There are 2 protein chains.
Amino acid sequence: MKKTSILNKLRSSGLRPTKQRVEIAKFLFNRDKTFHFTVESLGKHLAKKTTTKFALATIYNTLHAFKKAGHLNEVHLRGKNNTTYFDTNISNHHHFYDSETSELIDINDNEITFDKLPKAPNGKTIKNLEVIINLKN
Amino acid sequence: MKKTSILNKLRSSGLRPTKQRVEIAKFLFNRDKTFHFTVESLGKHLAKKTTTKFALATIYNTLHAFKKAGHLNEVHLRGKNNTTYFDTNISNHHHFYDSETSELIDINDNEITFDKLPKAPNGKTIKNLEVIINLKN
DNA sequence: GACATACTTTAGAACTATTATAAACTAGGA
DNA sequence: TCCTAGTTTATAATAGTTCTAAAGTATGTC
Ligand SMILES: [Mn+2]
Ligand SMILES: [Mn+2]
Ligand SMILES: [Zn+2]
Ligand SMILES: [Zn+2]
């Protein structure tokens, strides 16, 4: 994904392509494989890879803006370090979770299929379904 | 479950049956259906139902002790309110989660069966598998 | 029952992830 | 260039949880 495409992605989401947003978007979206990260780990990566300054609040703001625009997912998992995980894979999918390394690994949606599933409680509908497979060594 | 049984449960876990632990254990374990709760909600219930005082730290200490003893589970879900859920159902099972009410509902292990499952990444083993079915209204 | 001691509770401080604030800065249109 | 709404920033505030160390208690021994 080249620079112009990043700019388009931001602009078409109603987000002004500021220096910080462009750097974060380049870092997150110019890659082949899924990237799972925390705010802290992203901050460190950005400090290493760029000369731009990122206030912590800007990282949070940007990630939430990207999430709201549908460019990022937040993983609803509570790891041992009590931080939110973000996920560049925005398709429906599942995860392996290694609690020793706090690492997430994608499982494609079609790698898990069900024989039997319960129906939603009365008056409610199923929005989506997430499987977390906890790993040990 | 009567008083003596509660005392046994505590003692056989190496936990002295203090006033606070006995009250919490009675409140949590003398019931038929699964109880999902947060530290905050438990604190409120205890204040309403008993005359015993519970320092916040004691509630945390006690829940962690019960968890360590295998009498409670912690649900590794990050809800919108960033609090831990505890679960009196200590069997392997799954959950519906209603993010609007922050409510968990049990799904028995045998209500979900799989056609297809991925194998664990190299060098790792599957510890367990949790399904969370997100609900909407 | 009194005593000793390890375990437990407690109030409050500390910690940590995240969000709010409000002042300075900037992208983009006129 | 100028204006303005949108954005970044440093810092304070918030909230869930854990830590501290002093006071209290359960339990074994005499
Ligand atoms: Mn740098
Ligand atoms: Mn009371
Ligand atoms: Zn993922
Ligand atoms: Zn449950």
Side-chain angles (χ1 to χ4, degrees), chain A residues 3-4 6-25 27 36-44 46-47 50-69 71-72 74-86 102, chain B residues 3-4 6-25 27 36-44 46-47 50-69 71-72 74-86 102:
Chain A
K3 183 76 176 287
T4 54
I6 288 284
L7 295 186
N8 286 340
K9 187 168 203 161
L10 293 176
R11 274 198 259 262
S12 64
S13 310
L15 297 170
R16 287 187 183 172
T18 63
K19 194 172 188 182
Q20 285 75 10
R21 285 175 176 166
V22 171
E23 290 289 357
I24 293 177
F27 183 75
H36 297 111
F37 62 96
T38 64
V39 167
E40 190 195 18
S41 73
L42 176 61
K44 284 179 182 165
L46 291 170
T50 78
T51 57
T52 308
K53 294 278 180 235
F54 298 86
L56 188 55
T58 299
I59 300 181
Y60 277 100
N61 288 342
T62 302
L63 295 179
H64 290 152
F66 287 1
K67 180 188 172 189
K68 190 173 180 187
H71 304 315
L72 271 183
E74 200 168 351
V75 181
H76 286 178
L77 170 83
R78 168 182 295 278
K80 70 171 166 351
N81 52 346
N82 185 23
T83 59
T84 291
Y85 290 93
F86 288 91
S102 299
Chain B
K3 183 75 174 290
T4 55
I6 288 283
L7 295 187
N8 286 339
K9 187 168 202 161
L10 293 177
R11 274 198 260 262
S12 64
S13 310
L15 297 169
R16 288 185 183 175
T18 63
K19 195 172 188 183
Q20 285 76 10
R21 285 175 177 166
V22 171
E23 289 289 355
I24 293 176
F27 183 76
H36 298 110
F37 62 96
T38 63
V39 168
E40 190 196 16
S41 73
L42 176 61
K44 284 180 182 165
L46 291 171
T50 77
T51 57
T52 308
K53 293 281 179 234
F54 299 86
L56 189 55
T58 299
I59 300 181
Y60 277 99
N61 289 342
T62 302
L63 295 179
H64 290 150
F66 287 1
K67 179 188 173 189
K68 191 173 179 188
H71 304 316
L72 270 184
E74 200 167 352
V75 181
H76 287 178
L77 170 83
R78 167 181 293 277
K80 68 173 168 350
N81 52 346
N82 186 23
T83 60
T84 291
Y85 289 94
F86 288 91
S102 298

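Keep in mind it's a predicted model, so treat the numbers as computed, not measured.
A/Thr84 has a side-chain polar atom (N or O) that falls below the 4.0 Å cut-off from OP1 or OP2 of C/dT18. OP1 or OP2 of C/dT10 has at least one side-chain nitrogen or oxygen of B/Thr58 nearer than 4.0 Å. Note on A/Thr18: a side-chain N or O is less than 4.0 Å away from OP1 or OP2 of D/dT8.
Mapping B/Pro17 and A/Gly14 onto DNA chain D by nearest heavy atom places A/Gly14 at the nucleotide closer to the 5' end. Projected onto DNA chain C by closest heavy-atom contact, A/Arg11 and A/Asn81 fall at different nucleotides, the more 5' of which corresponds to A/Asn81. Between B/Leu15 and B/Tyr60, the residue anchored nearer the 5' end of DNA chain D, judged by the nucleotide with its closest heavy atom, is B/Tyr60.
Separating the CG atom of A/Asn82 from the P atom of D/dT18 is a distance of 9 Å, rounded to the nearest angstrom. Protein atom CG of B/Asn61 is 15 Å distant from nucleotide atom C1' of D/dT25, rounded to whole Å. Rounded to an integer number of Å, the gap from A/Arg78 CZ to C/dT18 C1' is 13 Å. Across the protein-nucleic acid pair, A/Lys68 atom NZ and C/dT19 atom P stand 14 Å apart, rounded to whole Å. Atom pair A/Phe86:CZ and C/dA17:P shows a separation of 14 Å (rounding to whole Å applied). For the pair B/Leu10 CG and D/dA26 P, the computed distance is 13 Å after rounding to whole Å. Going from atom CG of A/Leu56 over to atom C1' of C/dA20 covers 13 Å, rounded to whole Å. Straight-line distance from the OH atom of B/Tyr85 to the P atom of D/dT17: 11 Å, rounded to whole Å.
A salt bridge between A/Lys19 and A/Glu23 is absent, with no side-chain N of the basic residue lying under 4.0 Å from a carboxylate O of the acidic one.
Of the listed nucleotides (D/dT17, D/dT8, C/dT18), D/dT8 has the atom at the smallest distance from the side chain of A/Gln20. Distance from the side chain of B/Arg16 is smallest for D/dA26 among the nucleotides D/dA26, D/dT9, C/dT9. Nearest to the side chain of B/His64, among D/dT18, C/dT9, D/dT17, sits D/dT18. Side-chain atoms of A/Val39 lie closest to C/dT18 of the nucleotides D/dT7, C/dT18, D/dA10.
The two residues A/Ile59 and A/Gly43 make their nearest non-hydrogen contact at CD1-CA, 3.8 Å.
Listed for the A/Ser41 side chain is a donor-acceptor partner under 3.5 Å among the backbone atoms of A/Thr38.
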- Task: Kindly determine whether A/Glu74 and A/Thr84 satisfy side-chain hydrogen bond (donor to acceptor under 3.5 Å, both in side chains), including the steps that lead there.
- Result: CA-CA 7 Å; A/Glu74 200 168 351; A/Thr84 291; 3.3 Å; yes
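Using the six-membered ring where Trp is involved, A/Phe37 and A/Phe86 have ring planes that are parallel, under 30° apart on the 30 and 60° scheme.
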